[in-house]
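Only one structure is covered here, and it is reproduced in the block below.
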Amino acid sequence: MNTLIRNGTVVTARTTARADVLLEGAVIKEVRAGIPEAAAAKVIDAAGMYVIPGGIDVHTHLDMPFGGTTSADDFETGTRAAAFGGTTSIVDFAIQARGTRMRDALDTWWKKAEGRACIDYGLHMIVTDLGTSGLEDMDELVNEGVASFKLFMAYPNVLMVDDATIFKALSQTAKNGALICMHAENGSVIDVIIAQALAEGKTAPIYHALTRPPGAEAEAVHRAIALAEIAGAPVYIVHLSSEDALNQVREARDRGVPAFAETCPQYLLLSIEELERPDFEGAKYVFTPPLRPKHHLPKLWDGLKQDHLQVVSTDHCPFCFEDQKILGKDDFTKIPNGGPGIENRLQLMYHYGVNAGNLSLNRFVELTSTTPARIFGMYPKKGEIAAGSDADLVIWDPGAVYTITSKTHHMRVDYSMFEGYQVRGNARTVISRGEVIVDGGEFLGKPGRGQYLKRAARGGAWK
Ligand code: URP
Ligand code: ZN
Ligand code: ZN
C-alpha cells in the first residue's frame with residue numbers, strides 16, 4: 001500500500017525543505033513538493049511538523065547479563081520504548097562468553113530478539129577471548145552482518161582484554177573492514193584505586209565515579225587510537241564522557257586519523273553530583289564511564305558542534321532501583337552498572353540541542369540517525385529520506401511539550417535518569433518500513449516485526 005506524508009518539512013542531515021514523501025510499501029518512492037493525494041491509498045497530514053529519518057541508537061544492552069543480574073528491558077520492551085521516542089533501529093551488543101565461539105553468542109542474541117523486536121536491530125559482538133580461531137570467527141561474523149566488535153579496556157577478569165588482543169582484533173578489521181568499538185578506561189589502574197577506596201571504607205555510590213577518574217579514560221582513548229594507528233584501522237570510542245578523553249579524539253582527528261566517538265545524553269546533561277543523592281539514590285546514576293564534574297558538559301557540546309564527536313547514542317542498560325541497583329547497597333562495586341535512556345534520546349537532544357541553540361536541526365538528524373547509519377554500515381537503507389531508502393520516518397511535533405517521568409515511560413525500569421525534565425518537541429507518528437508503529441502516544445506495532453539488520457563492513461565513514 002502507498003502512503004503519502006503531506007505538508008511537512010523534510011529534514012535530513014543536509015537539507016530542510018517543504019516536501020511530501022511518498023512511501024511504496026516498506027520503502028520511500030519519492031520526495032518532492034506537490035505529490036498528488038491520488039498517488040496513495042493513505043494520506044498522513046504533517047502540516048506544522050518535521051519529517052525526519054527514524055532515529056538510530058547504536059549502543060543498547062537489552063536482555064544482557066551483567067553485574068550478577070540482567071538488564072531490565074528485553075528486546076520487546078526495549079524496542080517498544082525506543083519506538084515511542086522515535087528510534088526505529090538499534091544496534092545491540094551480543095557478548096562472547098570466554099572460552100566459547102562468537103558464533104554461539106550471535107545465535108543466542110538472535111534468539112533473544114526473535115519474536116520480540118518491534119523495530120529493526122543489528123548486533124555488535126563483544127569479544128572477550130580470541131582463542132585459537134577468534135580472528136577467523138570475526139571474519140565469519142562480518143559475513144553475517146556483524147560489522148563491528150566491542151572490546152573492553154576496563155572490567156579486569158570479566159570483560160577486559162589485553163593490548164595484544166586489542167591489537168590483533170584491530171589488525172583483523174584493517175583487513176575485513178569491520179569497526180572496533182572501544183570501551184576506553186584503564187581497568188587495571190581503576191581496580192587499584194577501587195581497592196584503596198574499599199580499604200578506607202568508602203562504599204557509597206559516589207565512589208564509583210571518584211575511582212574512575214577522567215585521566216583513566218583519556219589514557220585508554222589515547223592507547224586505543226595509538227594501537228589503531230599502528231594496525232592501520234579505524235576505531236570508534238563508545239560512551240565518551242570527559243573533556244580529557246575528547247581532547248585525545250580531537251588531537252587524532254586533527255592529524256587525519258580515522259578515530260570516531262559517540263557520547264550520550266547523560267554525559268551532556270548530568271554531572272557527578274547525581275551520585276551523591278541521599279537514600280542510595282545515587283546508584284541510579286552508576287554507569288561507566290561515570291558522570292563527570294559540570295565543567296566537562298559544555299566541552300562535550302562543543303565536541304558535537306565541531307564534529308569531534310560524531311554520534312549520540314544512549315548506552316541504554318537499565319537496572320531497576322528496587323531490586324537490582326540495591327545489590328550494591330553496602331559496596332558500590334556491586335551496583336549493576338548502567339542506566340536507562342532508549343526512549344528519551346531524541347527528545348533530549350532536540351530540546352537541549354536544537355531548542356537551546358546548541359545544534360542545528362540538520363546536525364540533530366546527523367548525530368542521531370545519519371552518521372550512525374553511515375559508520376555502522378546501514379546507509380542509505382537507514383538514516384536517509386530519499387527514494388529507495390527504508391521508509392523509517394518520524395513525524396516530529398516541534399511544539400509538543402512532554403514531561404519525562406517513570407510514571408508514564410515505556411522502558412521496563414522503575415526510575416528515569418531525567419525524572420521531571422520538561423522538553424518541547426516529541427515524536428507524533430513513528431513509521432518503520434512503511435508501517436505506522438506509534439501514533440499519538442499509542443503503540444500500533446507488533447513484537448517480532450523488527451528485522452535483523454545485516455550491516456555492511458567498511459561503512460565508509462573513514463574513507
Ligand atoms: O555502565 C555501563 N555503561 N553499562 C553497560 C556496559 C558498557 O560498558 O557499555
Ligand atoms: Zn562500555
Ligand atoms: Zn554500553
Side-chain angles (χ1 to χ4, degrees), residues 3-6 8-32 44 46 49-60 79 82-91 118-122 262 304 310-314 342-343 345-350 353-354 359-398 425-439 445 450-451 453 455-456 459-461:
T3 303
L4 180 63
I5 303 169
R6 290 190 70 223
T9 299
V10 173
V11 183
T12 71
R14 287 178 310 280
T15 57
T16 306
R18 287 293 296 273
D20 303 329
V21 186
L22 181 63
L23 319 182
E24 187 176 53
V27 295
I28 296 171
K29 184 164 190 232
E30 202 180 357
V31 186
R32 69 172 169 90
I44 300 174
M49 307 283 147
Y50 295 127
V51 181
I52 60 175
I56 302 177
D57 189 346
V58 292
H59 192 148
T60 67
T79 56
F84 272 103
T87 288
T88 53
S89 302
I90 59 166
V91 187
C118 303
I119 58 173
D120 293 350
Y121 63 96
E262 64 176 22
L304 292 178
Q310 294 75 41
V311 172
V312 176
S313 66
T314 61
I342 203 166
E343 187 168 351
R345 181 178 63 124
L346 296 190
Q347 296 155 353
L348 292 166
M349 293 312 296
Y350 184 84
V354 179
L359 303 175
S360 70
L361 258 178
N362 307 99
R363 183 66 176 152
F364 162 71
V365 168
E366 192 170 41
L367 289 165
T368 56
S369 179
T370 309
T371 301
R374 281 184 192 279
I375 291 183
F376 288 98
M378 294 174 271
Y379 187 86
K381 180 178 164 71
K382 304 291 187 189
E384 185 58 280
I385 303 181
S389 290
D390 277 4
D392 287 3
L393 299 163
V394 177
I395 301 179
W396 185 262
D397 182 350
N426 201 1
R428 188 199 76 183
T429 308
V430 181
I431 300 170
S432 164
R433 278 182 285 99
E435 188 184 336
V436 175
I437 57 169
V438 172
D439 194 34
Q451 293 179 355
L453 283 166
R455 297 178 295 115

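What you see is a predicted model, and the numbers here were worked out from it, not measured in a lab.
A donor-acceptor pair under 3.5 Å links the side-chain atoms of Thr12 to the main chain of Arg14, judged by distance alone. Arg428 contributes no side-chain N or O that, together with a main-chain N or O of Val394, makes up a donor-acceptor pair within less than 3.5 Å.
Residue Trp396 holds its CH2 atom at 10.5 Å from CG of Leu361, rounded to the nearest 0.5 Å. A distance of 8.0 Å separates OG1 of Thr16 from OH of Tyr50, quoted to the nearest 0.5 Å. Here the OG atom belonging to Ser389 is positioned 7.0 Å from the OH atom belonging to Tyr379, to the nearest 0.5 angstrom. Once rounded to the nearest 0.5 Å, the distance linking CD1 of Ile56 with OG1 of Thr368 reads 8.5 Å. Rounding to the nearest 0.5 Å gives a distance of 8.0 Å between CD1 of Ile385 and CD1 of Ile5. Remark: Gln310 CD to Thr370 OG1 distance equals 13.5 Å, nearest 0.5 Å.
We find that Asp120 and Arg433 are joined by a salt bridge, their nearest charged nitrogen and carboxylate oxygen being less than 4.0 Å apart. Using a 4.0 Å cut-off between a side-chain N of Lys or Arg and a carboxylate O of Asp or Glu, Glu384 and Arg374 do not qualify as a salt bridge.
One side chain, Ser313 or Glu262, offers a donor N or O that lies under 3.5 Å from an acceptor on the other. Looking only at atom types and distance, the side chain of Thr429 has a donor-acceptor partner in the side chain of Asp439 under 3.5 Å away. Counted by atom type alone, Thr314 and Asp57 present one or more donor-acceptor pairs between their side chains at under 3.5 Å.
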Determine, step by step, whether Phe364 and Val11 satisfy the side-chain contact (heavy atoms from CB on, under 4.5 Å) criterion, reporting the C-alpha distance in whole Å, the side-chain angles of both residues, the deciding distance to 0.1 Å, and the verdict. CA-CA 10 Å; Phe364 162 71; Val11 183; over 6 Å; no
Derivation of the side-chain contact (heavy atoms from CB on, under 4.5 Å) call for Ile395 and Ile44: CA-CA 10 Å; Ile395 301 179; Ile44 300 174; 3.6 Å; yes
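When every heavy atom of Ile119 is checked against every heavy atom of Thr88, the shortest pair comes out as CB-O, 3.3 Å.
Geometric assessment of Arg455 against the ring of Phe376 yields a negative cation-pi assignment under the 6.0 Å and 45° thresholds.
At a threshold of 4.5 Å between non-hydrogen side-chain atoms, the residues Ile28 and Val21 count as touching.
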